[in-house]
Amino acid sequence: MKKFLLLTLCLGAAMSAWAWKPLLVGHRGCNLGVENTVQAYQNGVDVYGYDGLECDVRVTSDGYYVISHDETTTRLGGNLTVASATLAQLQAEDYTQTRNGITYTGKICTVAEYLDICVAKNVFPVIELKWTTGINNNDMSNFPGLAQLVIDKGLADKAIFLTSMKQSLQYIRTNYPDFKCQWLCNANWESNVEWCQQWGLNPSIEAGCFDIHTVKRFHLLGLQCAMWTADSKANYEKYGNMGVYMITTNSFNSADATDIPDIDWDAVEDVLDPLELKCDTVFRHCRADGTMPEGFPSGIEGESTFKQAQQAAIKDGIFYTNDYSTKTVVSYDRNGRIDNPYQGTGSQGICFDDAGNLILRNDGLSNAPNKIRAYKNGSTEPVDINFFLNHDGRVHFITASGDIFSEEGGYVYHFPNTQAYVDMVYIANGEHVATYSSSELSFAGSTAGIVYPIGTDPWEFVYQVRNNGYNYYKDGDKGTYITGSTGTTAPARNSSCGGAYFVLAGHKLFIHSSGTNYNGGFTVKDMSAGCTSLLSVPVLGSGGYSANPSVGAWFKVEPIDDNHCYVYEYCLGNGYAQYQLYVGDPYVEPGIPGDANDDGAVNVQDVTTIINYILGNNPSPFNFDNANVNGDAEVTVLDVTAIINIILGIE
C-alpha cells in the first residue's frame, strides 16, 4: 500500500502532492548482479526495496528489444555488437562482472523479461532509450513496437521513458501524449528549461550539476526533478533535501531512507541574474608588475628576511602578516613597509575579528594546548588566551568573527588537520568561554584548511582545504559546493588557499583564488546567481611554492556602500594589492585638500609636488583637485602657501 501511495502521489499529474521520501530507482537493476540482468533486477527489489527499475534499451538485428547499456557486449565479456547480432546470438553469450569484490555471471535480458519482473514485483519501469536502430533522433520506426509491448504488459500508466535524445522525446510526446517522459541531462539543463516546459518533460539531472534553486525553477513551471546517481545515505539526504522526487541508485538501501522534510519553496531564495560587476585597480605592488617592494616577505632565498610571513590580516588599508621564523609582525600600507607596535609569535595564523581586534596563533607549530595572543583594538597590550580544541590536529590558519573583547563575544575558527570538523572557539571579554564544533563535514581539514565566516553566526561559514575546493556550511548542512572543478586557468579555482564572502548590491558573492597556483589572482562568484563567475583578476606574480610556502592568497573585503567595496589581497613572495569592485559607476574618494601627491597625507612632499607642477616638471602622481587648495581652478603659488598653512595648523 505504501509503494502504491508513493507512486500515486509522485507519478500522478498533481505537482503539489510530494511524497515524504523520494522514489528510489535501481540503476540497471542494482549492483548485486551483472548490470541489466534478471538477477540485478530481482535483487533491486528483493534486497534493496526499490520503487522502480531502470534499463537501457537496444534493438537486435532481428528486431527484438533487449537491454544493454553499451553498443557492444565487450565490457561484460562478450564479443558482439547488439545492433548487428540476433537475439539468439546474444542469448548464447555468458556475461561476468565483478562488483564490490564479488564476481557475478548472467545472460542478456530482453525488455519483455524486464517488464514481467516489474509487473511481478509491482514496481514501475524506467526505460532509457539508447541510440539504436529505429529508436534515435532521426528514426523512431522501432518505437511503436516497444510502446505496444509496454501497453500489452499493462504498464502504460506506470512506465517512464527516459532519454537524452530530444527529438525522440518530442516524437513520443506528439504520438503518445499520455506516456510519462524524462529528459536525461547534466549541466545542459540550464539552456533547455524553456524546451522542457514546452514539451512537459521532467528533467533527470546528473549529480553535482544542480542545486535546490534548479529544482525550484522547474517546480515553479509545474515540473519535477529526478537525479542520477546517489549511492550513499548522505547523498540521498542531500538531493532529497533539494526537493528531487526520484533518485536513481546502484546500491542505496531503501531501509536506510530517512524522511525528508517538506520544502517551503517560498523560503528558498530565488536565483538572481548575475551582477554586472566591474573592477578597478587602486594599486598593485607585485612581482608580476615589477613593483614588489624590496625586502617584501618571500620564501625565496636572499629576497627577504621574512620567509614565513604566511597569512595576512588587513584593517584600514594596512596589511599585517606574522613572520613566525623571526616572530615579527610585518606591516605595509600602499606606500610600503610601516612600523607597528605588535609583538609577533612563532605561529602562522593571524586575523582580525569584526571589531578590529588583532588575533595571532601562539602555540608554535604544535597542536595542543592551543593558545592565541590578542590585541584589543586601539591597545598595544597583548592578551594571551589558552584553550583546547575539541578535535586534535595541527592548525596553521585562523579567522574570526564578532568581538572577542566584548561581553557578547566572538569566535575564532580552527579547521584541524585530519579532522572533518570545524572548532569554533568562543571568547568573550578576552577570555575563553567554550569551544563548539560543527557537524561532520564533507572532507577533513589539513594544515592548508581554513574557514571563511559569514557574518557573526558561528554556524554559517565557507570551509576549504586547498585541493578540495570550497563548501558552504549552514546549521549542520555540510556541503553546497560553490566553486567547481580545479584548474590553473581562471575562472577555475586553483589549489591555493584564500577566499572571502561578502554582499554587494543585494547579491551574495564569494572570492576564491584562481590562476596559477600560489601566485595570487582571484575570481568573484555570484552565489545568488547559481555561483556564476563574474570576473577574474590576474595573478600578482610567478614565484610559485618557492616564494609562497603558505600556498595561499589572503583577502579582505571592505564595504564602501551598497554598490561599492574594496578588496585587499596579500600573497607571500608575490606582492599585495587593492582593488575596487562595484556595480554602476566607480566610487570616487573625497579629496584631501593639499594632498597633491595623493598619498593620503599632507606634508612637505606635497609642497615639492606643487612647485614641480608649477615649473612644468609634470610630477607623478599628481592630484589637481587636491592641489587646488583655494578652489580657484588653478594651481599657483597661492596653493603652496595654503598647504604650508595646513602643515603648520594655521587656518
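In this text, all values refer to a predicted model and were calculated from it rather than measured experimentally. Because only heavy atoms are used, hydrogens play no part in the values below, and waters and symmetry mates are left out as well, while side chains stay in.
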How about N322 and T345: does a side-chain donor come under 3.5 Å of a side-chain acceptor? yes
Derivation of the ring-ring contact (aromatic ring centres under 6.0 Å, His included) call for Y501 and Y452: CA-CA 7 Å; Y501 170 93; Y452 308 105; over 10 Å; no
If I compare all heavy atoms of L540 with all of G575, which pair ends up nearest, and what's the gap? CD1-O, 3.5 Å
Does the ring-ring contact (aromatic ring centres under 6.0 Å, His included) test come out yes or no for Y579 and F283, once each step is laid out? CA-CA 7 Å; Y579 306 93; F283 70 83; 8.4 Å; no
Mutual orientation of the aromatic rings belonging to Y411 and Y413 [parallel < 30°, tilted 30-60°, perpendicular > 60°]: tilted
Between F319, Y570, F397, which is the residue that forms a ring pair (Phe, Tyr, Trp, His ring centres under 6.0 Å) with W554? F397
Aromatic rings F296 and Y576: how do their planes relate, parallel, tilted or perpendicular, breaks at 30° and 60°? parallel
Y545 vs Y518 aromatic rings, parallel, tilted or perpendicular, using cut-offs 30° and 60°? perpendicular
N362 meets the side chain to side chain donor-acceptor pair (under 3.5 Å) criterion, sequence neighbours left out, with none
Checking Y320, Y375, Y568 against F352 for ring pair (Phe, Tyr, Trp, His ring centres under 6.0 Å), the one that qualifies is Y320
For K216, salt bridge (charged side-chain N to carboxylate O under 4.0 Å, His left out) partners two or more places apart: D270
Would you please name every residue forming a side chain to side chain donor-acceptor pair (under 3.5 Å) with H432, sequence neighbours left out? T435
Look at R284 together with E569 and state whether they make a salt bridge at an N to O cut-off of under 4.0 Å. no
For the side chain of S513 and the backbone of N494, is there at least one donor-acceptor N/O pair under 3.5 Å apart? no
Should we count CG of D561 as having more than 12 external heavy atoms under 6.0 Å? yes
Given F510, which partner from the list F522, Y472, Y470, F502 fulfils the ring pair (Phe, Tyr, Trp, His ring centres under 6.0 Å) test? Y470
So E558 and K315, salt bridge (charged side-chain N to carboxylate O under 4.0 Å, His left out) or not? Walk me through it. CA-CA 9 Å; E558 180 183 283; K315 187 183 83 165; over 6 Å; no
